[in-house]
There are 2 protein chains.
Amino acid sequence: MDKLATTLTASDGTVGKALDVLDMVAERGQPVRFKELLAGGRFPKATLYRLLQTLTNQGMLAYDAERQSYAPGMRLVRLAHSAWQQSSLAPLARPHIDALASKIGETVHLAQLDTGHVLYVDKRNARRPVDMYSQAGKVGPAYCTGVGKAMLAYLDDADLARAITRQSFYRFTHHTLTTPKELTTELQAIRARGYAFDNEEHEPGIICIAFPILTRAKRVIGAISVTSITMRTTLAALEALAPVIAQTAALIAAEAESWRFPEQESKGEK
Amino acid sequence: MDKLATTLTASDGTVGKALDVLDMVAERGQPVRFKELLAGGRFPKATLYRLLQTLTNQGMLAYDAERQSYAPGMRLVRLAHSAWQQSSLAPLARPHIDALASKIGETVHLAQLDTGHVLYVDKRNARRPVDMYSQAGKVGPAYCTGVGKAMLAYLDDADLARAITRQSFYRFTHHTLTTPKELTTELQAIRARGYAFDNEEHEPGIICIAFPILTRAKRVIGAISVTSITMRTTLAALEALAPVIAQTAALIAAEAESWRFPEQESKGEK
DNA sequence: AAACTGAGTTTCATATATTGGAACCAAAAA
DNA sequence: TTTTTGGTTCCAATATATGAAACTCAGTTT
């Protein structure tokens with residue numbers, strides 16, 4: 001399912017290792033047995049064992065005794081609630097996203113950049129209301145999505161370079177940009193234009209137009225996109241919506257600025 | 001806002017401490033300055049400092065340089081996505097919750113028990129569709145909510161005892177049960193009846209009826225509730241919906257059982 | 001039954017990371 | 001300028017984490 005470049009964080013301390021393990025469990029997307037994790041070769045048996053114990057104790061993992069397997073724990077959901085509420089743009093952007101979605105009747109996404117990847121923090125689907133967490137919290141590739149490219153286009157050189165190293169450049173469709181070179185060229189175009197398209201680069205049949213959400217100082221803090229399907233629309237038709245979307249992005253930016261502007265990428269790699 | 005008994009997890013190792021700090025940040029519900037955390041008196045300056053650094057490095061916290069404050073990081077949202085998807089009842093229960101909500105046109109909650117507190121994992125609000133994360137991931141008290149009591153009623157003695165020690169028994173309204181004694185009496189009634197009510201015990205004007213979701217072995221794995229307001233309904237009216245709700249709970253239970261049954265409470269306190 | 005797996009758990013001497021008091025620094029306040 | 005406040009860094013003492021190897025305890029095989 002996921003073709004993201006696996007980010008192996010330079011381990012800082014025991015905590016770093018524990019969180020690595022957490023990631024390993026979360027990434028698999030289904031309950032994992034000890035053996036499988038061990039097979040990852042990341043940690044020696046005893047160490048892995050104790051890390052798992054600790055995490056389980058702490059409710060960060062849940063151990064299913066019957067199946068002898070680990071899954072991410074509910075404590076994460078609790079913590080994430082806080083994170084989402086106070087560190088994401090979502091609560092603040094909600095009314096604007098709502099307005100936009102109901103005005104144009106297409107799916108709207110709100111995303112932020114997280115260690116080089118796209119993190120969807122909210123979604124509004126015009127026809128079928130809810131879709132919850134099934135999208136919020138979901139991670140996607142940056143190099144081949146509208147929101148991703150819209151955000152990458154506004155990173156400064158250092159951050160962009162770092163972000164690029166994280167891209168897998170896996171070819172999802174034959175429109176996917178598969179080299180840093182192609183991508184950077186595209187990013188220039190996006191910066192010139194002010195917004196990005198996704199021309200079936202991630203999934204065939206799916207297109208979108210995406211706008212960065214920029215602070216006054218032109219720092220990207222997120223992006224919004226309007227998605228549709230080739231069967232129903234064209235990129236040109238989506239482009240006609242540009243003004244409304246741009247407007248929404250601006251509103252969100254303005255509001256965000258007056259409240260807070262969270263750091264997105266931690267700067268030093270240790 | 002929150003009146004939950006603060007769970008001070010018996011620290012295991014550095015990881016435990018780090019997660020404690022995470023909790024401290026998350027609990028505040030707004031960006032925290034170093035000083036405030038230090039004032040908590042939980043950790044000496046240098047130690048706290050380094051824990052914060054590590055967590056920030058790891059993306060579990062986000063540091064806002066301008067305001068010099070910490071907030072829960074986006075990595076949590078990413079991780080929680082996994083947790084929610086694979087460890088909660090939500091994905092599985094979704095269709096049934098949807099059906100129930102649209103059939104009866106009232107707000108439906110799906111909750112699980114997390115270290116003695118209620119963790120809302122999904123919500124369907126009939127009239128105003130989405131409400132997202134604003135509820136999923138939210139934690140509430142167990143002793144004075146319908147879902148909470150419905151779940152407590154089916155815990156075995158040991159787990160119940162443990163859960164009770166976590167309740168704050170804060171008096172939210174004058175219907176709130178404020179002692180373990182009152183609560184256990186109520187729980188007996190609930191077990192006898194098969195479902196619980198919330199008679200304005202948490203918020204004035206808000207009432208609900210809640211059903212536990214039980215495995216064949218009678219282990220609680222969650223609860224669903226239908227909420228309304230006294231201005232519009234009565235408990236008696238809600239009770240009329242009992243069969244439909246029970247049915248939904250049973251469906252969810254059946255489905256859950258055939259897939260997986262995650263542990264909810266980690267057993268040993270170390 | 002006896003011998004063998006394979007998966008998970010525990011031990012223990014060692015290396016290492018964590019600790020926290022105190023010193024330090026920078027910016028704001030007096 | 002001097003103080004205070006709030007945050008960062010040092011460093012020796014010490015607690016912790018480490019991981020190879022030994023050990024369980026099923027469930028197999030032979």
Side-chain angles (χ1 to χ4, degrees), chain A residues 8-25 28 30-58 60-73 260 262-263 266-270, chain B residues 8-25 28 30-58 60-73 260 262-263 266-270:
Chain A
L8 300 184
T9 325
S11 71
D12 39 1
T14 316
V15 177
K17 286 174 204 162
L19 295 178
D20 256 17
V21 173
L22 236 195
D23 268 346
M24 286 167 40
V25 176
R28 182 118 348 182
Q30 56 170 293
V32 216
R33 252 195 278 314
F34 182 97
K35 179 168 82 150
E36 305 179 59
L37 292 171
L38 186 59
R42 234 109 158 39
F43 301 99
K45 231 191 202 180
T47 303
L48 178 62
Y49 178 67
R50 267 169 294 114
L51 289 174
L52 286 170
Q53 289 242 115
T54 306
L55 288 169
T56 305
N57 250 310
Q58 294 288 332
M60 300 297 279
L61 289 179
Y63 181 64
D64 179 342
E66 342 245 347
R67 326 217 148 197
Q68 299 194 139
S69 62
Y70 297 89
R260 47 171 143 60
E263 276 309 301
S266 53
K267 45 207 57 152
E269 208 87 328
K270 198 315 163 31
Chain B
L8 302 184
T9 326
S11 72
D12 41 357
T14 316
V15 177
K17 287 174 204 161
L19 295 177
D20 255 17
V21 172
L22 236 194
D23 267 346
M24 285 166 44
V25 176
R28 182 118 347 183
Q30 56 171 293
V32 215
R33 253 195 279 310
F34 182 96
K35 181 168 84 146
E36 304 179 60
L37 292 170
L38 186 58
R42 235 104 159 43
F43 301 98
K45 229 191 204 182
T47 303
L48 178 62
Y49 179 67
R50 267 170 295 113
L51 289 174
L52 287 170
Q53 291 242 113
T54 306
L55 289 169
T56 305
N57 250 309
Q58 294 289 330
M60 300 298 277
L61 289 179
Y63 180 65
D64 179 343
E66 342 243 347
R67 327 217 148 196
Q68 298 195 141
S69 62
Y70 296 89
R260 46 170 143 62
E263 276 310 300
S266 52
K267 49 206 58 153
E269 208 84 333
K270 195 306 158 44

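The sequence lines fix the lettering, A, B, ..., with proteins before strands; numbering per chain opens at 1.
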Novice: Quickly work out the A:Lys17 NZ to D:dT16 P distance and round it to whole Å.
Specialist: 16 Å
Novice: If I take atom CZ in residue B:Phe43 and atom C1' in nucleotide D:dT8, what distance separates them, rounded to the nearest angstrom?
Specialist: 19 Å
Novice: Does A:Arg33 offer a backbone N or O that forms a donor-acceptor pair with the side chain of A:Glu36 under 3.5 Å?
Specialist: yes
Novice: Base, sugar-phosphate, or nothing for A:Arg33, non-hydrogen atoms under 4.0 angstrom?
Specialist: sugar-phosphate
Novice: Side chain of B:Arg50, heavy atoms from C-beta onward: which of D:dG6, C:dT9, C:dG20 has the nearest atom to it?
Specialist: C:dG20
Novice: Report yes or no: does A:Thr56 contribute a side-chain atom to a donor-acceptor pair with the main-chain N or O of A:Leu52 at less than 3.5 Å?
Specialist: yes
Novice: Could you check which of C:dT10, D:dT9, C:dG20 has an atom nearest any side-chain atom of A:Tyr49?
Specialist: C:dT10
Novice: D:dT8 P sits how many Å from B:Tyr70 OH, rounded?
Specialist: 6 Å
Novice: Separation of B:Leu37 atom CG from D:dG7 atom C1', in whole Å?
Specialist: 13 Å
Novice: Which residue, B:Lys35 or B:Ala46, contacts DNA chain D at a nucleotide closer to its 5' end, judged by nearest heavy atom?
Specialist: B:Lys35
Novice: Report the distance from atom NZ of A:Lys35 to atom CG of A:Leu37, rounding to the nearest 0.5 Å.
Specialist: 12.0 Å
Novice: Roughly how many Å is it from CD in A:Gln53 to C1' in C:dT9, rounded to a whole number?
Specialist: 8 Å
Novice: Measure the distance from CG on B:Leu48 to C1' on C:dG21 and round it to the nearest whole Å.
Specialist: 15 Å
Novice: Nearest to the side chain of A:Gln68 - C:dG20, D:dG19, C:dG8?
Specialist: C:dG8
Novice: Is B:Lys45 side chain donor-acceptor paired with the D:dG7 base, going by distance under 3.5 Å alone?
Specialist: yes
Novice: Start at the 5' end of DNA chain C and walk down; is the nucleotide closest to B:Leu51 or to A:Glu36 reached first?
Specialist: A:Glu36
Novice: Please report, rounded to the nearest Å, how far the P atom of D:dT18 is from the CZ atom of A:Arg42.
Specialist: 13 Å
Novice: Can you name the nearest heavy-atom pair linking B:Lys45 to B:Phe34, along with the distance?
Specialist: O-CZ, 3.8 Å
Novice: How is B:Thr14 classified with respect to the nucleic acid when contacts are heavy atoms under 4.0 Å: base, sugar-phosphate, or nothing?
Specialist: sugar-phosphate
Novice: If I take atom CG in residue B:Asp64 and atom P in nucleotide D:dG7, what distance separates them, rounded to the nearest angstrom?
Specialist: 13 Å
Novice: With a 3.5 Å distance limit and no angle check, can you tell me whether B:Thr54 reaches the backbone of B:Arg50 through a side-chain donor-acceptor pair?
Specialist: yes
